[in-house]
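See below for the structure under consideration.
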Amino acid sequence: MSAALPASMRAVPIDWAKVRDDFPILRRKVHGKPLVYLDSANTSQKPRQVIEAVDEFYREHNANVSRAVHQLSEEATALYEGARTAMAGFLGAGHRDEIVLTSGTTMATNLVAYSFLLPRLKPGDAVLVTAMEHHADIVPWQLLCKLTGAHLKVAPIRESGELIVEKFVAALTPEVKFAGVVHVSNVLGTINPVKELARECRRRGIPLLVDGSQAAPHLPLDVKSLGCDFYCVTGHKMCGPTGTGALWARRELLDAMPPFFGGGEMIRTVSFEGTTFADAPRKFEAGTPNIAGFAGLAAAVEYLSGIGMDRIAARERELLDYATPRLLAVRGLRIFGTAPEKAAVISFLIDGVHAHDLATLLDHEGVAVRSGHHCAHPLMQFYGVAATCRASLAFYNTEAEIDAFVDAIGRVRKLLA
Ligand code: PLP
């Protein structure tokens, strides 16, 4: 399975209204108004194919994985391992054993922090991140810095929300032992040039982790050609269930890394004198996983791949191009994040209106947007604001919903004026 469709199929037009029908929740009303869900960067909605896969798991296959020889356990194991295979194909991994199944990106970055980086850091060393990182790609490294005496370095961004690549490269000095970069910013939508950043890191022997949480749901991916060392994704943002995700890492790195936490499933032998561990990736998957969730994640990957990530990216670009000028036409509205390479995430504020008030009143109009710091405090500090509103679009949104959103902003403005 691959996220990119063959050229012959890319020409076949998609009936986006039919695709939208796959999402039962989009038919509901909120406060008596049709739901306009513009919070997919927070968590995406789930198509019936995913909901049915989770339901079917509990109805037909429920058992623990890899522990029993009975039929149900074999089926559960096959579904769980199927998610690994599906994710390997979706990300373009060289081998399915390069995929560690995790509870999400946060678990993945912490795994890399404690298993890979902690043994490598010493006082005076540094970890490089960018000014647009999510807390999941800041706080784990900060915790390690506290433990080791290393420090964090931050590559700056422009007002437009673009990374200043030459400053990132200049910051790759010998004390930098690791770098973390978000592929697509959850606040600004900026798509970072990770291939170029990975090349520069590699040239200097600096391992690079890419936070792909907001890229995997929206862009075709091929981790091998990106050239990074670690790539993290979270299932619930890509039409899958919450509590699922994956870490991709080069096989030689995973083989050399010690387990992060211990328990059942991840061992070869245990005695009170000592324990030997299973091979990667199982040595990182202690305990009973979210098996039903991974059955759903495999269905999500199949669903997205069936549409084709290139078509999803193109459709979302259309929606972004439709929404942006209409929002900019609203008096006093400012958009944060105007990079030309941008995913369909629009953070904004309206002069004199608090982000939370706006989001609360929009909710009463049936429009779900997120307001707050979006787990990116440093980015809010960069722009000198406490919070923004964020409308994040997905392929199941429509132009009519964007019109309803802009109209609702107009009504809310009048109320707040
Ligand atoms: N990184 C980015 C860019 C995100 O947008 C998010 C979620 O909002 C995360 C990391 C964390 O994902 P999770 O909470 O699913 O681990």
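Remember, it's 1-based here, ligands and their atoms both numbered in the order they're listed.
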Distance to 0.1 Å, residue and atom name: give those for the protein heavy atom nearest to [atom].
atom	answer
atom 15 (O) of ligand 1	T234 OG1, 2.6 Å
atom 3 (C) of ligand 1	D211 OD2, 3.5 Å
atom 8 (O) of ligand 1	K237 NZ, 2.6 Å

Hey, what's the ring geometry for F395 with Y303, parallel, tilted or perpendicular (30° and 60° as the breaks)?
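Ring orientation of F395 relative to Y303: tilted.
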Strictly under 6.0 Å, is that where the ring centroids of H183 and H218 end up?
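No, the ring centres sit 6.0 Å or more apart.
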Is the centre of the F178 ring less than 6.0 Å from the centre of the W141 ring?
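Under 6.0 Å, so yes.
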Considering only heavy atoms, which of H134, M107, H183, R370 lies nearest to atom 6 (C) of ligand 1?
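Minimum heavy-atom distance to atom 6 (C) of ligand 1 goes to H134.
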Lys/Arg cation over aromatic F116: R120, 6.0 Å, 45° cone:
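Yes.
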Does R326 qualify as a cation-pi partner of Y322, given the criterion of NZ or CZ under 6.0 Å from the six-membered ring centre and within 45 degrees of its axis?
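Yes, R326 sits over the ring of Y322.
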Hey, is H135 one of the residues with a heavy atom under 4.0 angstrom from ligand 1?
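Per 4.0 Å heavy-atom rule, H135 does not contact ligand 1.
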Subset of ligand 1 atoms that lie under 4.0 Å from at least one heavy atom of [X]:
X	result
V182	3 (C)
T105	10 (C), 12 (O), 16 (O)
H236	15 (O)
Q214	3 (C), 4 (C), 5 (O)

Report the distance from atom CG of L111 to atom CE of M257, rounding to the nearest 0.5 Å.
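Here the interatomic distance stands at 5.5 Å.
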Point-to-point distance, once rounded to the nearest 0.5 Å, from CG of N192 to OG of S185:
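Interatomic distance, N192 CG to S185 OG, rounded to 0.5 Å: 8.0 Å.
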Ligand 1 N/O within reach of N42 N/O, cut-off under 3.5 Å:
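In this structure, N42 places no N or O atom under 3.5 Å from an N or O of ligand 1.
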Ligand 1 versus T106, non-hydrogen atoms closer than 4.0 Å: side chain, backbone, both, neither?
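The answer is both, backbone and side chain.
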